[in-house]
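The block underneath contains the structure these notes are about, expressed in structure tokens.
Indexing begins at 1, ligand by ligand and atom by atom, following the structure's order.
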Amino acid sequence: MIAIIGAGKMGEALLAGLLAKGHTPEDVLVTEPRAEHARELRGRYGIETVPAQDAAKRADTLLLALKPQDMLALLDDISPHLGREHLVISVAAGLTTVVLESHLHPGVPVVRAMPNTPALMGRGMTAVSGGAHTEAAHLDRAEELLGAVGEVLRVGEQHMDTVTAISGSGPAYFYFIAETMIEAGVAMGMPRVTAQQLVGQTMTGAAAMLDGSGEHPVVLREAVTSPGGTTAAALRELERHGVRTAFTDAIEAARDRSRALSES
Ligand SMILES: NC(=O)C1=CN([C@@H]2O[C@H](COP(=O)(O)OP(=O)(O)OC[C@H]3O[C@@H](n4cnc5c(N)ncnc54)[C@H](OP(=O)(O)O)[C@@H]3O)[C@@H](O)[C@H]2O)C=CC1
Ligand SMILES: O=C(O)[C@@H]1CCC=N1
């Protein structure tokens, strides 16, 4: 039995993804404190919602998707019900396995995972790393579970803050670019619906090229950039405005925020 504790944006994406990939509603318990949201989740997915302590008593695998700021109090609440036979998977940004383990009885296996919201469409990217009491079977179990909603990569925990900054937050960077392109089209007088269609299909097509061609992005970009043409003019402006540096700084800021979350 799997318990998802915290069914907000990420928890619900994982819930929907797991159910879409063959887990039955009877396999999954959900803890969600707001009664109205819990009712919506029961109606939408046919799952049972239960208090966190009941979820800990009944499930063997706990998928914790609360905000980092709420996580440690939750662990203190459910810790009396958790032992070595459980597997705790936290998707919280920043919280290290050392911090998570310090709120659990010694020996409870903990996996730190960083998924992203495309899990909702079965196209997620999740990185996982194990803690002090995690054996290969625990990582296999985490990989099997999260593999139902996309790809899974095992990384050393020293890379998890960078993972968070790149693939955890990454979808937001794409939406930011999409939003900017749509607004540029609208500012030039194009109907919004047309701009949205152009941008949506361009992003999907570009992603498919990246995925399917096996080429480095530089090669794909050069193929679009005709000598003396429109793309070269656009890229020159992006470089003039320091967009490459801005992106690098943004990803570093996300990584630093992830690091800081363990210390707050
Ligand atoms: N959003 C994303 O793209 C990603 C998020 N994450 C991680 O996922 C976690 C959740 O983020 P996100 O989904 O964006 O945030 P949300 O605020 O959308 O979700 C948090 C959920 O936890 C619930 N909650 C709060 N306290 C408790 C409690 N004591 N017991 C059970 N549930 C509780 C909240 O309920 P209520 O609203 O009623 O307070 C809410 O539904 C974070 O740790 C984040 O770092 C990781 C990867 C990607
Ligand atoms: O913004 C956040 O903190 C979370 C972690 C990665 C994506 N969303």
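With hydrogens and angles disregarded, no donor-acceptor distance shorter than 3.5 Å links the side chain of H103 to the backbone of L100.
Near ligand 2, A93, G168, S169 each place a heavy atom less than 4.0 angstrom from the ligand. Each of I5, G6, A7, G8, K9, M10, T31, E32, P33, R34, A65, L66, K67, P68, D70, V91, A92, A93, M114, P115, T117 has a non-hydrogen atom positioned under 4.0 Å from some atom of ligand 1.
L235 meets the side chain to side chain contact (heavy atoms under 4.5 Å, CB included) test with R221, T225, T231, L238; sequence neighbours excluded. A search for side-chain hydrogen bond (donor to acceptor under 3.5 Å, both in side chains) contacts involving E183 returns R192, not counting sequence neighbours.
R112 and S90 share no donor-acceptor pair across their side chains, judged by distance under 3.5 Å alone. Looking at E151 and T126, their side chains never bring a donor and an acceptor atom within 3.5 Å of each other.
In this structure, L210 and E215 have side chains that are not in contact, with every pair of non-hydrogen atoms separated by 4.5 Å or more. Side-chain contact between L64 and L75 is present, with heavy atoms from C-beta onward closer than 4.5 Å.
The existence of a salt bridge linking E48 and R42 is excluded, since no basic side-chain nitrogen approaches an acidic carboxylate oxygen closer than 4.0 Å.
At a threshold of 4.5 Å between side-chain heavy atoms, the hydrophobic network of Ile, Leu, Val, Met, Phe, Trp and Tyr places M203 and Y173 in one connected group.
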